[in-house]
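For reference, the structure discussed in these notes is given below.
These numbers were taken from a predicted model, which means no experiment stands behind them.
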Number of protein chains: 2
Amino acid sequence: MNTAVRPTFRALNTYTKLMRAAESVTGRVSRFMAAANLTISQFGVLEALHHKGPLCQRDIGAKILKSTGNITLVIDNLEKHGFVRRERNTDDRRYFTVHLTQTGAELISRVFADVEAAIVAEMSLLSEKDQELLGELCKKLGARRE
Amino acid sequence: MNTAVRPTFRALNTYTKLMRAAESVTGRVSRFMAAANLTISQFGVLEALHHKGPLCQRDIGAKILKSTGNITLVIDNLEKHGFVRRERNTDDRRYFTVHLTQTGAELISRVFADVEAAIVAEMSLLSEKDQELLGELCKKLGARRE
DNA sequence: ATCATATAGTTTAATATTAAACTATATGAT
DNA sequence: ATCATATAGTTTAATATTAAACTATATGAT
């Protein structure tokens, strides 16, 4: 009886801890983004451009896993602040290519370094071996398809 | 040199996988909430009331880790749909006690069962031992204070 | 009673987030 | 050229989310 109940309890327990960990870490890391007046999604867009170079909105959305409507809004606001600019793609006029401005490039370069350091600090709570282990376990969960 | 770089790479890698796992699992689990026309936060409120009984808004907010302003909105909408009702606390008029209605209690009872089953299915990607392990690792990350 | 301080919950302003409907653009078949 | 289909990005509607300012209530000191 108790054995029959336990798998559910274990799963719920693990799930709750996973959710709490993700939110907790995100909360602390995102403070460095907020210090630069960037939201999590704004940072995500800038980071994608920083690492991958100019991208169309569809690809940005795919990279940071957000809907088309949301991408439009986030990029609108980034454009409003002068961090990115849109250029109509000449080969296919349905596309915009989003570029970092000089201002945006300098900002993300600096903020990314802060965020990176914060992530390293967060993960330092675990040994290197445990970090690898956590990564592997999460990889299994994150890769599920339907 | 490569050894000096690796700790950062590892931490970023683990962080990314943790975030992806959390979002991925949440995305699939929340579909059962959405099937009942409940948002994640609405479900969270109803679940808290379901398990803990009537609570004041402050305590609900603490349980699901949301701001006071947000709690007001989420509960407003739940009240609008007839799932909860607020009652002014007679001992201290600053407080509302939030109660599940009959409709709300029946709904959360059903939806919670679906969500629970979904979580078990998600976690079943890992062995029982790995579920325990993941839980322990996440617990360490989630417990950090500043 | 008055004042200082604290707290529950609301309001405000800015931004985020989704699904669905929509507009503009592209491609292929006829 | 016309029509069918697909796709990038926008708009719409509903809801979420936060911090900060605010209102109402409570408590303790004077």
Can I get a per-line list of side-chain donor-acceptor pairs under 3.5 Å for residues 61-72 of chain A, giving both atom names and the distance, sequence neighbours left out?
from, atom 1, to, atom 2, distance (Å)
A:S67, OG, A:N70, N, 3.2
A:T72, OG1, A:T68, O, 3.1

Next item on the list: Hey, can you tell me if A:F112 and A:F43 have their rings parallel, tilted or perpendicular (30° and 60° cut-offs)?
Entry: parallel
Notebook entry, point to check: Hey, what bend do you get for the helix from C:dA1-D:dT30 to C:dT30-D:dA1 if you fit axes on five pairs at each end, rounded to 10°?
Noted result: 10°
Next item on the list: List the atom of B:L141, the atom of A:E122, and the distance in Å for their closest heavy-atom pair.
Entry: CD2-O, 3.5 Å
Notebook entry, point to check: A:R88 CZ to D:dT10 P: how many Å, rounded?
Noted result: 8 Å
Check: Whole-Å distance between C:dA19 C1' and A:I71 CD1?
Finding: 15 Å
Checklist line | Joint cluster assignment, B:L78 & B:M33, ILVMFWY side-chain distance < 4.5 Å | finding: yes
Check: Is there side-chain contact between B:L107 and B:L46, with at least one heavy-atom pair below 4.5 Å?
Finding: yes
Checklist line | Backbone N/O of B:I40 and side chain of B:S30: donor-acceptor pair under 3.5 Å | finding: no
Next item on the list: Figure out the CG/C1' separation between A:L65 and C:dT18, and round it to whole Å.
Entry: 14 Å
Check: What integer distance in Å separates A:D59:CG from D:dT7:C1'?
Finding: 13 Å
Check: Does B:T72 get its side chain close enough to the base of C:dT11, under 3.5 Å, for a donor-acceptor pair?
Finding: no
Next item on the list: Can you sort out the partners of B:T103 under side chain to side chain contact (heavy atoms under 4.5 Å, CB included), two or more places apart, ordered by chain and number?
Entry: B:F83, B:T101
Check: Taking the side chain from A:E79 and the backbone from A:R86, do they hold a donor-acceptor pair closer than 3.5 Å?
Finding: yes
Item checked: Euclidean distance, atom CD of residue B:E23 to atom C1' of C:dT18 [Å, nearest integer] -> 13 Å
Notebook entry, point to check: Just how far, in rounded Å, is P of D:dG9 from CG of A:L55?
Noted result: 11 Å
Check: At under 4.0 Å, does any side-chain N or O of A:R86 touch on OP1 or OP2 of D:dT10?
Finding: yes
Next item on the list: Would you kindly give the CZ-to-C1' distance between B:R31 and C:dT18, to the nearest whole Å?
Entry: 12 Å
Next item on the list: Would you please name every residue forming a side chain to side chain contact (heavy atoms under 4.5 Å, CB included) with B:N89, sequence neighbours left out?
Entry: B:D91, B:Y95, B:T97
Note to self: Keeping B:S109 on the side-chain end and B:E106 on the backbone end, is there a donor-acceptor pair under 3.5 Å?
What the structure shows: no
Margin query: Expected output is a numbered-order residue list: members of residues 90-104 of chain A with a heavy atom under 4.0 Å from any atom of DNA chain D. What is it?
Written below: A:R94, A:Y95, A:F96
Note to self: Both B:Q57 and A:I40 contact DNA chain C. Which one's nearest nucleotide lies toward the 5' end?
What the structure shows: B:Q57
Could you pull out the protein-nucleic contacts involving nucleotides 14-16 of chain C (nitrogen or oxygen on both sides, under 3.5 Å)?
from, atom 1, to, atom 2, distance (Å)
C:dA16, OP1, A:T39, OG1, 2.8
C:dA16, OP1, A:Q42, NE2, 3.0
C:dA16, OP2, A:N77, ND2, 2.8

Notebook entry, point to check: Which heavy atom of A:Q42 sits nearest a heavy atom of A:N37, and at what distance?
Noted result: OE1-O, 3.8 Å
Note to self: Rounded to whole Å, how long is the line connecting atom CZ of B:R58 with atom P of D:dA26?
What the structure shows: 15 Å
